[in-house]
There are 2 protein chains.
Amino acid sequence: MAKAYERIADDLRSSIRAGQLKPGDRLPAETKLVERYGKTLPTVREALRLLRDEGLIDKQHGRGNFVRRPRTKVLRTNARHQWEKDRAREPERERQQTGATEHDTGLQVNDLVFYAVYRDVEAKGELAEAFGLPEGTTLVERSYRTRYAAESAPFNLVTSYLPRDLVAENPDLLDETREPWPGGTQNQLFTVGIELDRIEERVTARPPTPEEAEELELPAGTAVLLLRKTSYDTEGRVVEISDVTLPGDRTEVLFTTPLERW
Amino acid sequence: MAKAYERIADDLRSSIRAGQLKPGDRLPAETKLVERYGKTLPTVREALRLLRDEGLIDKQHGRGNFVRRPRTKVLRTNARHQWEKDRAREPERERQQTGATEHDTGLQVNDLVFYAVYRDVEAKGELAEAFGLPEGTTLVERSYRTRYAAESAPFNLVTSYLPRDLVAENPDLLDETREPWPGGTQNQLFTVGIELDRIEERVTARPPTPEEAEELELPAGTAVLLLRKTSYDTEGRVVEISDVTLPGDRTEVLFTTPLERW
DNA sequence: GAGTGGTCTAGACCACTGT
DNA sequence: CAGTGGTCTAGACCACTCC
């Protein structure tokens, strides 16, 4: 015998999948569902919680339960890396026009609000290992937030690390007030003589922490994509690592792998 | 004033993050937590549900609540595509040795259990569009499940589509009993004269559907990675599309982007 | 059988939304 | 103010685990 709250959830889920309840539609009030299914309120609410956790409905206090609308996607491609590399040696006037984020989103610089904080940290454990540096090495930790001017939530959370010694010869690279830097990280590295050879990106997914859900304004029933970007220079050194947290319900990461011809 | 169940969840979450409760540790019984926090059982259970949905704890009926251990990762790289292409023209004896999954996991062919089902479907809506084919075009839909011999859950769910006309000249390609095919899809396409030029992979994340959670044996508080792989041949045609569902808590997708030298 | 979590009932009171 | 969802209490009974 199926559990009562599962029966109710299954029934409502079918209605949504079959399109009898369309995105944006309000579900019957919880008290109506109590009548319809002959169960008590907590049981009905348990069913609705399942659907919310699956990302199928939004609960709105005082208004009702609504079938969720899919969010429009932001595409992030790996073509951005070559594009940024090509830009890195151009004159500042060129570099100021547009950045990698604009390249991805198709937006203008003025549509975006940008915010950066730098601080020094010591490389520890997993991070020291990823850099191939001894524990305790000083890193510059740079936190970035970028959002649409018209929205309140940033569309990603970025924490980037650079070995301090590698970039210290250009003091501007230690100064957060120089952000947003025209030409991005690859131009910053170019100013201290570093050329990138390749970029590795590792992607996983998990539910958001409460802090992430808060900052990205994620509704319940969404996941985050975690992307760790590791940049190697032409001497094989790891010169930068970025951890990027992306809302799973609005982000699509696109990677193109070219193949050698026969 | 913070809500009671959030206070309890915050308190337990802090203990877990600070390491006072380590992975594998059992939390105090729910009745003990009722005493400790001076709240009723449903309130305590609400707090524990939050932690479960965040993937921090596992609830085990009759045993207790336990701090979750991280699962070991399966790595899927984009180097597999060039690797598979190189293999595609080799003699069958070579191709039989090992496949792309073994290449990713480092396992032997005998460690894996493989299962495939083929059927014909009509391209509709989004799928027809992705192929650039008219709606109603016949596709071969191929469903794959691969799992470790020692485990019961597959480590991914794959649905692959091929335009039927493109591959029908080799009847073996319509025969599911020929799977697992030595050399994989790229060799299958090679037998009908198709060479791949590039592969695009789009990645998103979301909570699992109940069906996915069931088949992949996902505990609550995990997410799935969705990967859509689109293969283009040397004439620019889309010749294959695969939708892959991967458990977010055990899969890491690694993409390497090489950059042109200055 | 003792201990633990899972399901469900019945109902009180609070908080938010829209008229 | 009416309608809706959010929080919390109090307690019954069931199901699973382990000794």
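Order of the sequence lines fixes the chain letters, A, B, ..., with proteins taken first and strands second; residue numbering starts at 1 for each chain.
- Nearest-nucleotide mapping onto DNA chain C: of A/L41 and B/P42, the residue sitting toward the 5' end is B/P42.
- Nucleotide D/dA10 holds its C1' atom 14 Å from the NZ atom of B/K39, rounded to whole Å.
- Taking atom NZ of B/K32 as the reference point, atom C1' of C/dG5 lies 15 Å away to the nearest angstrom.
- Counting all heavy atoms, side chain and backbone alike, B/Y118 lies closest to B/E176 at N-OE1, 2.6 Å.
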Identify each donor-acceptor pair in which a side-chain atom of residues 121-130 of chain A lies under 3.5 Å from a protein atom, sequence neighbours left out, and give them as a table.
residue: A/E126; atom: OE2; partner: A/R228; partner atom: NH1; Å: 2.4
residue: A/E126; atom: OE2; partner: A/R228; partner atom: NH2; Å: 3.3

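- Between D/dT4, C/dC8, D/dC8, one nucleotide has an atom nearer to the side chain of A/A29 than all others, and that is D/dT4.
- Ion pairing of A/E54 with A/R17 is absent here, as no side-chain N (NZ or NE/NH1/NH2) approaches a carboxylate O to less than 4.0 Å.
- Minimum atom distance to the side chain of B/T31 is reached by C/dT4, of the listed C/dT7, C/dT4, D/dT9.
- Among C/dC8, C/dG5, D/dA10, the nucleotide with an atom closest to any side-chain atom of B/E30 is C/dG5.
- Taking atom CD on A/E46 and atom P on C/dG6, their separation rounds to 10 Å, with Å as the unit.
- Across the protein-nucleic acid pair, B/Y37 atom OH and D/dT9 atom P stand 15 Å apart, rounded to whole Å.
- Salt-bridge formation is not detected for the pair A/R7/A/D10: no Lys NZ or Arg NE/NH1/NH2 atom is positioned less than 4.0 Å from an Asp or Glu carboxylate oxygen.
- If you take CG of A/L33 and P of D/dG3, they are 17 Å apart, rounded to a whole angstrom.
- A close approach under 4.0 Å does occur between a side-chain nitrogen or oxygen of A/T43 and OP1 or OP2 of C/dT9.
- In the set D/dC8, D/dT4, C/dG5, C/dG5 carries the atom at the smallest distance from any side-chain atom of B/R45.
- The stretch residues 50-66 of chain A touches DNA chain D through A/K59, A/Q60, A/H61, A/G62, A/G64, A/N65, each having a heavy atom within less than 4.0 Å of the strand.
- Within the 4.0 Å cut-off from OP1 or OP2 of D/dT7, at least one side-chain nitrogen or oxygen of B/Y5 is found.
- Among the protein residues, A/R49 comes within range of no part of the nucleic acid, since none of its heavy atoms lies under 4.0 Å from any strand.
- Of all heavy-atom pairs spanning A/P219 and A/R68, the tightest one is CB-NH2, 3.7 Å.
- The nearest whole Å value for the distance from the CG atom in A/L48 to the P atom in D/dG5 is 8 Å.
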Side-chain donor/acceptor pairs under 3.5 Å, residues 150-157 of chain B, sequence neighbours excluded:
residue: B/E151; atom: OE1; partner: B/R250; partner atom: NH1; Å: 3.4
residue: B/E151; atom: OE1; partner: B/R250; partner atom: NH2; Å: 3.4
residue: B/S152; atom: OG; partner: B/E217; partner atom: OE1; Å: 3.2
residue: B/S152; atom: OG; partner: B/E217; partner atom: OE2; Å: 2.7

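- Donor-acceptor pairing under 3.5 Å is lacking for the side chains of B/T222 and B/R71.
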